[in-house]
Structure formats: C-alpha cells, structure tokens
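The sequence lines fix the lettering, A, B, ..., with proteins before strands; numbering per chain opens at 1. Model, not experiment: these values are computed from the prediction.
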Amino acid sequence: MPELPEVETVRRGLEAAMRGARIVNVELRRRDLRFPFPKNFAARLAGRKVGNLWRRAKYILVELDDGHILVLHLGMSGSFRIEDKKQARTPGSFYHAHAKDIAHDHVVFRLSTGQRVIYNDPRRFGFMNIVETDKLDADPLFRGVGIEPLGNELNGASLARLFAGKTAPLKTALGDQRLIAGLGNIYVNEALHRAGLSPRRAAGSIARKDGAATERAERLARAIREVLEEAIAAGGSSLRDHRQTNGELGYFQHKFRVYDREGQACPRCGGIVRRIVQAGRATFFCGKCQK
DNA sequence: CCGCGGGCCTGAGAGC
DNA sequence: TGCTCTCAGGCCCGCG
C-alpha cells in the first residue's frame with residue numbers, strides 16, 4: 001500500500017485514536033509478519049500510555065510512556081482500521097463490507113477509549129518492533145535513512161549534492177531510501193513528470209560539476225514537495241489496499257499524470273505515456289516532454 | 001562502494 | 001466458470 005503520503009495519512013488517523021490513550025492489551029494472531037514479533041511484544045505494550053506519533057521515512061513511530069517507541073511498517077499491503085464494537089456489528093461498516101479480509105487481521109490493539117486498532121496485512125511484508133527512544137537514530141532501521149522530503153533538508157542544493165557523480169538513472173536514485181526517505185514508485189514517477197525530467201537521465205546530471213544545484217535540481221525538489229503535499233491532502237492514493245484508518249479511500253490516484261497510464265495521453269503535452277522497467281520496477285513517463 | 005535482480009507473500013486482473 | 005500467468009505502493013540480500 002504505502003508510500004509517504006499513505007503512511008502519513010495512516011499516522012494521522014492513528015494519532016487521533018491513540019494519542020493520550022492507554023493500550024489495554026494487544027492480541028497477536030500470528031507470531032510473525034515479515035519478521036517475528038520481538039520477544040514479549042504484547043506484554044511490553046499492555047498498560048502503556050501513548051504519547052506523540054511521528055513518521056520517519058515510511059515508518060510510523062508511536063511514543064510510549066516507558067522510554068520506548070513502537071515502530072510500525074506497513075510493507076506493501078498493510079493497513080490499520082479503527083473501530084469500536086458497535087461499528088464492527090453495523091451492517092455497511094467497513095468491517096462488515098470486508099468481512100472476508102479479517103483472515104488477515106494480524107494484530108489487535110485494545111485501547112482504554114474502548115476503540116480497537118486493527119492491523120491487517122495480506123502479504124505480510126509489514127512488521128512491528130519496539131526500540132528505545134534514545135537509541136532510535138542509531139537503530140539499524142533508521143541508521144542510513146536519507147533526508148525527509150517534506151522537511152527543510154530537501155531543496156535543489158541538497159538534491160544536487162546527493163546525486164552528484166551518480167551514474168544510476170534519476171528514477172532509481174530518487175527511490176533510494178538511503179538518499180531520500182519515503183519516496184516510492186508512484187511519487188517518483190509523478191515527481192519526474194512534474195519536473196519535466198526523464199527517468200533515464202543519469203542522476204548526477206542534475207548537479208553541476210562542482211556539485212552545486214542546476215535549475216533541473218531546483219525544479220525536481222519543488223515537484224517532489226508539491227506532489228507529496230497534494231497527495232497527503234487527498235488522503236493518499238487508493239490502488240488495492242490503501243484505506244484511511246476510518247475505512248475511507250484516498251483519492252489522489254485520480255490525479256496521477258503518468259503512473260499506470262501507459263498508452264494514454266500526457267496531460268501536459270499530449271504525448272503518449274510510456275512504460276519501461278528500471279531496476280526491476282515499472283517506470284511511466286512521457287517521452288515527449290520529460291527530457 | 002555501486003547497481004541490479006531475485007525473493008519474500010497474497011490477491012487482482014488479464015488472457016485463454 | 002476456471003485455470004495460468006503476470007504484476008503490485010517495500011525492502012533486504014547477494015552477486016558481479
């Protein structure tokens with residue numbers, strides 16, 4: 001499901017339900033997702049009060065009142081939904097409409113508010129962990145994660161510095177989590193189109209020889225920020241699995257200009273959107289106006 | 001170090 | 001209808 005806008009949408013939904021609440025208990029319906037749950041996972045969460053919720057890259061961070069952080073990753077198909085028992089029994093509710101999917105409800109957090117926060121993940125590429133708050137940045141999960149694309153660190157200059165000298169295609173470099181955290185296949189394609197840059201161009205070609213920013217780097221930085229902000233405002237993109245925590249769909253997928261639009265007209269120049277494969281992933285772009 | 005391909009899972013959709 | 005094949009928003013690992 002998730003790239004940065006979808007994860008951010010989920011974070012906001014979880015924050016509304018969890019912040020200030022206490023975790024009464026946690027039911028694990030499997031011993032693993034992508035990885036085994038850490039030892040005593042449920043017991044370590046029971047009784048904890050939830051503080052702030054943050055996002056780093058595509059991870060959701062849940063602050064606990066014992067100096068630890070619950071780390072959540074949605075993988076490709078993870079989602080959370082929040083419900084109380086009344087909702088669960090209401091015909092027409094998300095729970096009812098997708099009853100067959102409850103086979104993939106793997107974790108249930110019961111909160112002091114009476115609500116339940118349920119993690120569903122058919123493909124089980126997601127995972128959860130508990131780390132010490134003080135050691136978060138040093139944790140293997142976060143050591144070496146790149147800059148936040150919505151923070152102040154992303155601009156033409158930083159983009160040029162990160163990409164200078166790289167021979168990898170621009171598309172591949174943009175999706176490299178060690179450089180920029182949180183961009184995935186959809187928004188990389190969309191940002192490149194908005195910036196009018198070819199995904200096949202060498203990443204280093206948006207930097208000057210001395211590593212300074214070119215006009216292309218400035219354009220790309222603006223495009224990344226713009227597409228992410230618009231997508232978050234739209235509640236993310238709903239392709240297969242993504243829903244907001246209240247069960248509602250995001251609708252940014254209707255705003256895609258190239259992603260999954262092979263053979264259709266480029267909304268900017270009328271050229272035909274092409275599909276190629278780079279580093280094993282589909283790339284969509286307009287060969288006419290992306291240079 | 002760098003870039004690429006394969007693998008992890010299940011389900012949806014296309015094509016026959 | 002049902003089978004088979006391909007592909008999917010992420011990420012890790014190993015290879016050359």
Side-chain angles (χ1 to χ4, degrees), chain A residues 1-11 29-36 55-60 71-80 98-106 119-129 139-146 149 162-192 199-204 227-228 231-232 234-244 249-256 258-263 275-284:
Chain A
M1 144 198 160
E3 295 185 33
L4 187 150
E6 291 75 38
V7 175
E8 178 60 22
T9 302
V10 171
R11 184 198 68 78
R29 298 187 178 167
R30 313 177 43 93
R31 41 209 302 267
D32 63 351
L33 293 169
R34 177 170 187 162
F35 307 115
R55 181 191 52 73
R56 174 79 172 103
K58 295 168 196 164
Y59 297 86
I60 294 169
V71 179
L72 307 171
H73 194 284
L74 304 169
M76 287 279 266
S77 60
S79 63
F80 281 96
H98 298 269
K100 69 179 168 62
D101 297 334
I102 65 175
H104 300 299
D105 285 353
H106 303 310
Y119 181 69
N120 182 286
D121 188 355
R123 293 174 71 181
R124 304 199 304 274
F125 287 168
F127 59 91
M128 301 183 184
N129 203 355
D139 191 277
L141 286 176
F142 299 99
R143 209 171 36 207
V145 168
L162 287 170
F163 288 3
K166 294 214 173 294
T167 58
L170 190 50
K171 153 82 184 315
T172 311
L174 270 181
D176 186 337
Q177 303 300 300
R178 295 168 299 186
L179 303 176
I180 304 173
L183 287 187
N185 208 30
I186 293 176
Y187 299 103
V188 164
N189 280 296
E190 292 297 310
L192 283 170
R200 296 190 283 199
R201 161 188 291 282
V227 72
L228 293 178
I232 291 169
S237 304
S238 293
L239 297 189
R240 291 156 197 84
D241 324 83
H242 173 69
R243 282 170 185 272
Q244 305 184 42
L249 299 170
Y251 52 89
F252 191 74
Q253 65 277 15
H254 304 301
K255 307 268 186 71
F256 292 166
V258 288
Y259 183 79
D260 205 21
R261 295 190 71 249
E262 181 182 14
R275 180 189 190 274
I276 61 173
V277 174
Q278 294 177 292
R281 312 300 300 261
T283 297
F284 300 90

field: Length of the CZ-C1' vector between R143(A) and dC11(C), whole Å
entry: 16 Å
task: Check ring-ring contact (aromatic ring centres under 6.0 Å, His included) between Y251(A) and all other residues, then give those that pass, not counting sequence neighbours.
output: none
query: Partners of R178(A) by salt bridge (Lys or Arg N to Asp or Glu O under 4.0 Å), sequence neighbours excluded?
result: D176(A)
- prompt: Does F125(A) lie flat on the base of dC8(B), that is, centres under 5.5 Å apart and planes under 30° off?
  reply: yes
- request: Report yes if a side-chain nitrogen or oxygen of H104(A) is closer than 4.0 Å to either non-bridging phosphate oxygen (OP1 or OP2) of dG11(B); otherwise report no.
  value: yes
task: Please report, rounded to the nearest Å, how far the C1' atom of dC8(B) is from the CG atom of L74(A).
output: 17 Å
field: Rounded distance (Å) that lies between atom P of dG10(C) and atom CD of E6(A)
entry: 9 Å
statement: Result for 5'-nearest mapping on DNA chain C, choosing between L141(A) and A282(A), is A282(A)
field: Nearest-angstrom distance from the residue atom CD1 of I102(A) to P of dT10(B)
entry: 18 Å
Phosphate contact (dC11(C) OP1 or OP2) by H73(A) side-chain N/O below 4.0 Å: yes
message: Measuring to OP1 and OP2 of dA8(C), would you say a side-chain N or O of R281(A) lies under 4.0 angstrom away?
response: no
message: Can you measure F35(A) atom CZ to dC9(B) atom P for me and round it to whole angstrom units?
response: 11 Å
- line: Here the distance between atom P of dT10(B) and atom CG of D105(A), to the nearest Å, is 16 Å
- prompt: Base, sugar-phosphate, or nothing for Y187(A), non-hydrogen atoms under 4.0 angstrom?
  reply: nothing
task: Could you tell me the separation between the CZ atom of F80(A) and the CG atom of L72(A), rounded to the nearest 0.5 Å?
output: 4.5 Å
- prompt: Are F142(A) and Y59(A) near enough that their ring centres are under 6.0 Å apart?
  reply: yes
query: To the nearest Å, how far apart are L239(A) CG and dG11(B) P?
result: 18 Å
- line: With both pairing distances under 3.5 angstrom for Watson-Crick or G-U wobble, and | for a partner in another strand, the correct string for DNA chain B is .|||||||.|||||||
- request: Round to a whole Å and report the spacing from CG of N120(A) to P of dG11(B).
  value: 10 Å
message: Applying ring-ring contact (aromatic ring centres under 6.0 Å, His included), can you list everything that pairs with F125(A), at least two apart in sequence or on another chain?
response: none
Counterpart residues, ring-ring contact (aromatic ring centres under 6.0 Å, His included), relative to F163(A) (two or more places apart): none
Every protein N/O lying under 3.5 Å from an N/O of nucleotides 1-7 of chain B:
{"unit_1": "dG3(B)", "atom_1": "OP1", "unit_2": "A168(A)", "atom_2": "N", "d": "3.1"}

field: Reference residue V188(A); test side chain to side chain contact (heavy atoms under 4.5 Å, CB included); the match among K171(A), R281(A), Q278(A)
entry: K171(A)
task: Nearest 0.5 Å please: distance from the CZ atom of R200(A) over to the CG atom of L192(A).
output: 12.0 Å
- prompt: Side chains of P2(A) and V10(A): closer than 4.5 Å at any heavy-atom pair?
  reply: no
- prompt: Considering only the C1' atoms, how many Å lie between dG5(B) and dC7(C), rounded to the nearest integer?
  reply: 16 Å
field: Geometric class of the Y119(A)/H106(A) ring pair [parallel <30°, tilted 30-60°, perpendicular >60°]
entry: tilted
